[in-house]
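Taking it in order: structure first as structure tokens, then the write-up.
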Amino acid sequence: MSRIGKRPVPVPAGVTASLEGKEVSVKGPKGTLTIPKADEISYEMVDGGISVQPANETKRARSFWGMQRTLVQNLITGVTEGFSKQLLITGVGYRANVQGKNLKLQLGYSHDVDYAIPEGITIATPDQTTINISGIDKQKVGQVAAEIRRWRKPEPYKGKGIKYAGEFIFRKEGKKK
């Protein structure tokens, strides 16, 4: 029995949800998002919300139950509030700035790294060492943040690199004489 899946997903005012065809579609003030329906799950509109239930009693259906409910919740949160991630850059000479549809990163390589900003994602650099990534699709925001972080992961000795805001980097002690 899924504790998460039991509760219906409330649909707030100003958001319209439809369960037609093979996908769940949600339209709100920030845009429209869709996910494909899982065959093992049955979806229905109930009292201003979306109820997600397993279609049968198989283990696969029960394992998809809570995840599908969370995916529907992420659609509704995305079109109402949106999602954002913040990256912090640490290191001498490391900096970032947005130039048009590209994010230019200077990360200690012999060349600058140009990252093309995908459609539906907004990247802002309030200062040279902070990158704010925002959008309505949670998966896409997280993927963009991971791709940017991959260019220079934080290292454990000096802590130089790109890290998530609030991330703890386990620091190591260097060689002793």
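The CG atom of N56 sits 7.0 Å away from the CD atom of E40 when rounded to the nearest 0.5 Å. Here the straight-line distance linking atom OG1 of T34 with atom NZ of K22 works out to 14.5 Å at 0.5 Å rounding. Considering NZ of K6 and CH2 of W65, their distance stands at 7.0 Å, rounded to 0.5 Å. Summarising the geometry, atom CD1 belonging to I169 is positioned 10.0 Å from atom CG belonging to L88; distances are rounded to the nearest 0.5 Å. Rounding to the nearest 0.5 angstrom, the gap separating the CG atom in L71 from the CD1 atom in I35 is 5.0 Å. In this structure, the separation between CD1 on I136 and OG1 on T32 is 7.0 Å, given to the nearest 0.5 Å.
The minimum heavy-atom distance between P10 and Q73, with the atom names listed, is CD-OE1, 4.3 Å. Shortest non-hydrogen contact noted between A17 and V11 is CB-CG2, 4.4 Å. Of all non-hydrogen atoms in V46 and S51, the two that sit nearest each other are CG2-CB, 3.7 Å. Across every non-hydrogen atom of S84 and S134, the tightest pair is CB-CB, 4.0 Å. Contact record, I162 with I89: CG1-CG1, 4.1 Å, taken as the closest heavy-atom pair. Of all non-hydrogen atoms in L103 and A96, the two that sit nearest each other are CD1-CB, 4.3 Å.
For the pair Q106/Y94, no side-chain contact is recorded, criterion being any heavy-atom separation below 4.5 Å from C-beta on. Two residues are said to be in side-chain contact when any heavy atoms from C-beta on lie closer than 4.5 Å; P154 and T90 fail this criterion. K104 places none of its side-chain heavy atoms less than 4.5 Å from the side chain of V113. In this structure, L87 and K85 have side chains that are not in contact, with every pair of non-hydrogen atoms separated by 4.5 Å or more. You'll find the side chain of K37 reaches within 4.5 Å of the side chain of V24, heavy atoms only. Counting heavy atoms from C-beta outward, E81 and I76 have side chains that stay 4.5 Å or more apart. Between F83 and N74, some side-chain heavy-atom pair lies under the 4.5 Å cut-off.
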**OP:** Take V79 and K27, measure what side chain to side chain contact (heavy atoms under 4.5 Å, CB included) needs, and give me the verdict at the end.
**Re:** CA-CA 7 Å; V79 298; K27 184 176 182 183; over 6 Å; no
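Aromatic ring pairs are classed by plane angle as parallel below 30°, tilted from 30° to 60° and perpendicular above 60°; the pair H111 and Y109 is parallel.
For the pair S25 (side chain) and S18 (backbone), a donor-acceptor distance under 3.5 Å is absent. At distances below 3.5 Å, at least one donor-acceptor pair connects side-chain atoms of Y43 with backbone N or O atoms of A38. The closest donor-acceptor contact from the side chain of R69 to the backbone of V52 lies at 3.5 Å or more, if one exists at all.
Linking ILVMFWY residues whenever their side-chain heavy atoms come closer than 4.5 Å, directly or via other members, places I123 and Y164 in the same cluster. I121 and L75 are assigned to two separate hydrophobic clusters, defined by single-linkage of ILVMFWY side chains at heavy-atom distances under 4.5 Å. In this structure, M45 is a member of the same hydrophobic cluster as V15, with clusters built from ILVMFWY side-chain heavy atoms closer than 4.5 Å.
Around the OH atom of Y157, the shell of radius 6.0 Å holds no more than 12 heavy atoms that belong to other residues, nucleotides or ligands. Within a 6.0 Å radius of NZ in K163, other residues, nucleotides and ligands contribute more than 12 heavy atoms. The number of heavy atoms from other shown groups lying within 6.0 Å of CG (D114) is above 12. Within 6.0 Å of CG in L19 there are more than 12 heavy atoms belonging to other residues, nucleotides or ligands.
Remark: D127 pairs with no residue by the salt bridge (charged side-chain N to carboxylate O under 4.0 Å, His left out) rule, at least two apart or across chains. In this view, Q128 and R95 satisfy the side chain to side chain contact (heavy atoms under 4.5 Å, CB included) rule, not counting sequence neighbours.
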Check: residues 140-151 side-chain donor-acceptor pairs under 3.5 Å, at least two apart:
unit_1	atom_1	unit_2	atom_2	d
K140	NZ	E119	O	3.0
Q143	NE2	E147	OE2	3.2
E147	OE1	Y115	OH	2.5
R149	NH2	E167	OE2	2.7

